Amino acid sequence: MLALWFGRISVRLTSPIGMEELEAIAAGAPQRAASVTDLEELEALDSELLGKRSKLSELQRTIGTLPPDQKPVVGQAIQAARAAITAALDSRRAELRLVAANALLESDRVDVTLDARSFPLGAAHLIQQTIDEVCDIFVGLGYLVAEGPEAEIGWYNFDALNTPPTHPSRAESDTMYLEFGDPADEALLRTHTSPMQARWMERYDPPVHVVVPGKVYRADTIDASHLPVFHQIEGLAVDSGITFSDLKGTLAHFAREFFGSSTTVRLRPHFFPFTEPSAEMDVSCFACDGGQSGCRVCGGAGWLEMLGCGMVDPNVFEAVGYDPAAVTGFAFGMGVERLAMVRHDIHNIRHFIENDVRFLRQFP
Ligand code: DAH
């Protein structure tokens, strides 16, 4: 009894708080835990209630000073208070963690109901599509596809192609000359793709079967049918025994492939310096099938002028070092814009360079 009494005194004297206060702290823990709104506040409360400087810990430190019979009583009370407080904090901690995790999920959420962003797909320009299609037709016949320089010299653009210095196309007004290198070379922007005939034959022995797509340049003013920069596709076939029939058969095949299987062709005599004989080839109008008055494509003529062609002039063979007695060949040259305009009923060549998407989108 005395011991107990002393013990109580001793507890009161050496402890900053009494047992009642301890019980009050434990009992109030759930409410205090419930009142914190985030994990940071909760950890602050945790150290206030259970940390080294908490009243609970201070009380615990006094246990050693208690009489032996008091130690288990006070010790158990402290453990019980600690367990109650810990349980209250843990349950609130779990709640707040869930809230935080949900907030993170919410902020990280992908709205799968959003429409996927669409990437508009472009397409090759109609000129490129036309070049590809024509080249494919000739590749199907065993031709190679080659490209040549756009900056040329007079020799390849004119002289090797049997075009004398007096020819009108050599005039300053028709041709864009370049101030480059030796003036005697007559550097210029090629006026046609034909110089590649000479370049190719100079480099490779017969047989030759090659098509050459590319840009060509002329000092023309822009109007509905002229551009100073446009495109041509050149063709050249050289071997022993090639005849005019081969020329016509090849180009008729091309016309059927490109304009439709019922297309027919006709050849009209013409003049080109580098072919002899030379011709212009017309294709039957695919819109009216041969002459309906007022046809929007051929105007009633029934024929559409399509390309220039002919048998390679012996002078060209001589210029490139071929033996004109041993080989013959044919050549042809067509305007790419013209092909596309005729086939797609395009009436203004400027559409090709304006890059108006309303035009471009029609040729996906
Ligand atoms: N080079 C000519 C021009 O630009 C087109 C041409 C005609 C090419 C007849 C040829 C050909 O190969 O044989 O007008």
Side-chain angles (χ1 to χ4, degrees), residues 1-126 128-129 353-364:
M1 196 67 207
L2 196 68
L4 194 63
W5 185 80
F6 265 113
R8 279 204 179 140
I9 292 294
S10 141
V11 168
R12 287 209 173 95
L13 284 180
T14 56
S15 302
I17 57 164
M19 298 289 271
E20 299 80 23
E21 198 177 347
L22 182 63
E23 271 158 26
I25 290 171
Q31 211 187 331
R32 294 210 50 197
S35 73
V36 304
T37 54
D38 64 33
L39 285 164
E40 209 177 320
E41 278 179 49
L42 185 80
E43 296 321 320
L45 182 63
D46 187 305
S47 70
E48 180 193 325
L49 298 181
L50 299 174
K52 281 201 190 103
R53 281 193 217 137
S54 64
K55 293 194 169 158
L56 196 84
S57 296
E58 279 175 42
L59 186 54
Q60 194 159 23
R61 280 193 290 274
T62 68
I63 286 180
T65 66
L66 295 178
D69 61 336
Q70 287 289 297
K71 285 182 186 177
V73 180
V74 176
Q76 273 164 25
I78 291 171
Q79 286 318 315
R82 185 177 289 279
I85 295 167
T86 302
L89 292 172
D90 281 352
S91 111
R92 184 59 179 154
R93 188 176 283 113
E95 277 171 25
L96 290 175
R97 282 205 179 127
L98 194 63
V99 169
N102 283 339
L104 186 67
L105 277 180
E106 185 64 30
S107 70
D108 218 24
R109 186 166 106 159
V110 177
D111 185 353
V112 293
T113 65
L114 260 184
D115 282 349
R117 220 175 272 174
S118 71
F119 294 96
L121 262 194
H125 191 279
L126 179 56
Q128 187 61 49
Q129 291 184 34
I353 58 167
E354 280 169 348
N355 285 334
D356 185 330
V357 291
R358 291 169 301 178
F359 173 78
L360 299 174
R361 280 204 188 113
Q362 294 178 53
F363 309 100

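Predicted model, so just to flag it, every value in this text is computed and none were measured. This chain uses plain numbering: 1 for the first residue, then up along the sequence.
Scanning for salt bridge (charged side-chain N to carboxylate O under 4.0 Å, His left out) contacts around D356 gives R358, with sequence neighbours left out.
The backbone N or O of K52 lies less than 3.5 Å from a partner atom in the side chain of R61, making a donor-acceptor pair.
Separation of atoms CD (E41) and OG (S35) is listed at 7.5 Å; rounding is to 0.5 Å. Here CG of L96 is found 7.5 Å from OG1 of T37. Values are rounded to the nearest 0.5 Å. If you take CZ on R32 and CG on L42, they are separated by 11.0 Å, rounding to the nearest 0.5 Å. The NZ atom of K71 sits 12.0 Å away from the CD1 atom of I78 when rounded to the nearest 0.5 Å. Residue E43 holds its CD atom at 6.5 Å from CG of L39, rounded to the nearest 0.5 Å. Annotation: the span from E21 atom CD to L59 atom CG amounts to 9.5 Å, rounded to 0.5 Å.
S57 and S54 share a donor-acceptor pair across their side chains, judged by distance under 3.5 Å alone.
In terms of heavy-atom proximity, P68 sits nearest to P72 at O-CD, 3.1 Å. Of all non-hydrogen atoms in L49 and A29, the two that sit nearest each other are CD1-CB, 4.3 Å. What you find for Q70 and L66 is that their closest heavy atoms are CB-CB, 4.0 Å. The nearest pair of heavy atoms linking L50 to R82 is O-NH1, 3.6 Å. Between I85 and A26, the closest heavy-atom pair is CG1-CA, 3.9 Å.
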field: Candidate pair R92 and E95, rule salt bridge (Lys or Arg N to Asp or Glu O under 4.0 Å), full reasoning
entry: CA-CA 5 Å; R92 184 59 179 154; E95 277 171 25; 2.6 Å; yes
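Within a 6.0 Å radius of CZ in R97, other residues, nucleotides and ligands contribute 12 heavy atoms or fewer.
Contact check on E58 versus K55 returns no salt bridge, with no Lys/Arg side-chain nitrogen under 4.0 Å from an Asp/Glu carboxylate oxygen.
You'll find the side chain of F359 stays beyond 4.5 Å of the side chain of E354, heavy atoms only.
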